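Accompanying notes for the structure given below.
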Amino acid sequence: MATATPPAVTTIQSGPRVPLWQFCLYFLRLGTTGFGGPIALAGFMQRDLVESKAWVTREDYTDGLALAQLAPGPLAAQLAIYLGYVRGGVVGATLVAVCFILPSFLMVWALSVAYVRFGGLPWMQGLFYGIGAVVIGIIARSAHKLTALTLGRSPLLWTIFAVMAFTTAWTEREIAWMFIAAGVLTAGVATWRMARDAERLDAAGAALLALSTTPAAGVALAPTLSTVFWVFVKAGAFVFGSGLAIVPFLYGEIVQAQGWLNDRQFLDAVAVAMITPGPVVITVAFIGYLAAGPWGMTVAAIGVFLPVYLFVVLPAPYFRRYRSQPQIKGFVEGVSAAATGAIAGAAWVLATRALVDVWTAMLALAALVVLWRWKVSELWLIGGGALVGWLVAGAARP
């Protein structure tokens, strides 16, 4: 079945053959109005493209979702790029990527300019004072949901999760090679079980702890565009999991290693990603702007999304042939468990910076309880946190 021309380019046959421009227009609209994070965006694509419009087959959608889990990078962007590839090959993937990412990029640009110009004003500080606390609750809830989704009852996966959570909280940064180590470990266990039908190997995950070391403290240097580019290329190439999985990696690189942002600015960057539609990873544009201006945000966005694009387009023709192999499944499970642990550790690190008084602690707890009990859009919580922060900051001013 393998040929020089990948069959995936023309696999949509069950629904209407929609023009490529109309397909791209849908993703332009989704990138402009799609709030709720990666899981919500993937759900919108399923509802609209598979169930409502029938532009995409269910098989193509599920294949794209599986590939998005396997490859590093943000899930929603990868799924959109894959569906664009299915519809129109490399050209379709490229156009869909631009249409999906561009709206939130422009919104973040406007917010970045306002942040730099008015960031010293009390009203804006008050907004981010409340938003930062709510973001902690959102990240904590995301970490809890990911544990249920990725860990199951496997002692090995829970061990990897615990090691990564502890290491991230202790070192205050994400150690990228530990993700690869986790994937290799679980892939090795899957191979061992296939060959020997062995059991009781789950305790091997504890070996990861012995491999971790405390990173040396970084020295703050003025960022060049090439440095900004390569930092975000690493983020796009080595971070697995949902959009929030990139948070601990960026914290370690941007705040701890490079010193481009302080803790408050980094929390504000995460908050900006929460209040804009499209992929959560667009927070890199805000960081790039604060580090090196408009060209910095452009280079940061290209750096983080270029590996994502390549990791989808290059293996797409061959993915279906190998995606069910136990070794690949095992690798994905290990990396997903490590990403979940890193998010949990990052939530602790960021909480120590954002929860500075009773008000911020109450806001974070309230956000966590609301998300736990009800299905509420994060946008409403962000808006509520901004309002409370503005009121509290206003009351504190003489």
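Hydrogens, waters and symmetry mates play no part in the numbers below; they use all other heavy atoms, side chains included. Remember, it's a predicted structure, so these values are computed and weren't measured experimentally. Heads up: numbering here begins at 1 and tracks the sequence.
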- Query: When you look at Leu156 and Thr186, which way does the side chain to side chain contact (heavy atoms under 4.5 Å, CB included) test go after all the steps?
  - Reply: CA-CA 8 Å; Leu156 174 58; Thr186 49; 3.8 Å; yes
- From CA spacing to verdict: side chain to side chain contact (heavy atoms under 4.5 Å, CB included), Met45, Val50: CA-CA 7 Å; Met45 294 181 215; Val50 179; over 6 Å; no
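- One hydrophobic cluster, built from ILVMFWY side chains closer than 4.5 Å, cannot hold both Leu28 and Leu95; they sit in different ones.
- Hydrophobic clustering of Ile, Leu, Val, Met, Phe, Trp and Tyr side chains at less than 4.5 Å, counting indirect connections, unites Leu314 with Val308.
- Distance CG/Leu225 to CD1/Ile302: 10.5 Å, rounded to 0.5 Å.
- The shortest heavy-atom contact between Gly137 and Leu371 is O-CD1, 4.3 Å.
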- Task: Give the intermediate values and the outcome of side chain to side chain contact (heavy atoms under 4.5 Å, CB included) for residues Phe23 and Val56.
- Result: CA-CA 10 Å; Phe23 198 75; Val56 174; 4.0 Å; yes
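- The distance from atom CG of Asp357 to atom CG of Leu363, rounded to the nearest 0.5 Å, is 9.0 Å.
- Side-chain contact between Leu290 and Ser112: absent, with no pair of heavy atoms (C-beta onward) separated by less than 4.5 Å.
- Here the side chains of Val96 and Leu83 are not in contact, with every heavy-atom distance at 4.5 Å or above.
- The aromatic rings of Phe266 and Tyr251 sit perpendicular to each other, their planes meeting at more than 60°, with 30° as the lower class boundary.
- To the nearest 0.5 Å, the span separating CG on Leu25 from CG on Leu30 amounts to 11.5 Å.
- With hydrophobic clusters built from ILVMFWY side chains whose heavy atoms lie under 4.5 angstrom apart, Tyr61 shares a cluster with Tyr82.
- Pairs of residues two or more places apart, or lying in two chains, that qualify as side chain to side chain donor-acceptor pair (under 3.5 Å) and include a residue from residues 295-316 are Thr94-Tyr309.
- For the pair Thr283 (side chain) and Ala269 (backbone), a donor-acceptor distance under 3.5 Å is present.
- Residues Met107 and Thr32 approach most closely at CE-O, 3.6 Å, considering heavy atoms.
- Shown here for Pro294 and Trp109, the closest heavy-atom pair between the two residues is CB-CZ2, 4.0 Å.
- Contact of the Leu306 side chain with the Phe311 side chain is not registered, since no non-hydrogen atoms from C-beta on lie closer than 4.5 Å.
- Summarising the geometry of Ser104 relative to Pro279, their closest heavy-atom pair is OG-CD, 4.0 Å, with the distance given to 0.1 Å.
- Nearest heavy-atom pair, Ile81 versus Ala97, reported as atom, atom and distance to 0.1 Å: CG1-CB, 3.8 Å.
- At a threshold of 4.5 Å between non-hydrogen side-chain atoms, the residues Val233 and Val304 do not count as touching.
- A donor-acceptor distance shorter than 3.5 angstrom exists from the side chain of Arg87 to the backbone of Val18, with no hydrogens or angles considered.
- Here the side chains of Ile287 and Met297 are not in contact, with every heavy-atom distance at 4.5 Å or above.
- Under a hydrophobic-cluster definition in which Ile, Leu, Val, Met, Phe, Trp and Tyr are linked whenever side-chain heavy atoms come within less than 4.5 Å, directly or via other members, Leu365 and Val356 are assigned to different clusters.
- Linking Ile, Leu, Val, Met, Phe, Trp and Tyr residues whenever their side-chain heavy atoms come within less than 4.5 Å places Leu106 and Leu111 in a single cluster.
- Aromatic pair Phe286/Tyr115: ring centres closer than 6.0 Å.
- Here Phe305 contributes atom CZ and Phe100 contributes atom CZ; the two are 8.0 Å apart, rounded to the nearest 0.5 Å.
- The minimum heavy-atom distance linking Val108 with Ala285 is given by the pair CG1-CB, 3.9 Å.
- In this structure, CG in Leu261 is found 7.0 Å from CD1 in Ile254, a value given to the nearest 0.5 Å.
- To the nearest 0.5 Å, atom CH2 of residue Trp55 and atom OH of residue Tyr26 are 8.5 Å apart.
- Judged by distance alone, with hydrogens and angles left aside, the side-chain atoms of Gln265 form a donor-acceptor pair with the main-chain N or O of Asn262 at under 3.5 Å.
- Between Trp260 and Phe232, the two ring planes are tilted [angle within 30° to 60°].
- Donor-acceptor pairing under 3.5 Å is lacking for the side chains of Asp60 and Tyr85.
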- Task: Would you please test Val388 and Leu391 for side chain to side chain contact (heavy atoms under 4.5 Å, CB included) and show each step?
- Result: CA-CA 5 Å; Val388 172; Leu391 293 174; 5.7 Å; no
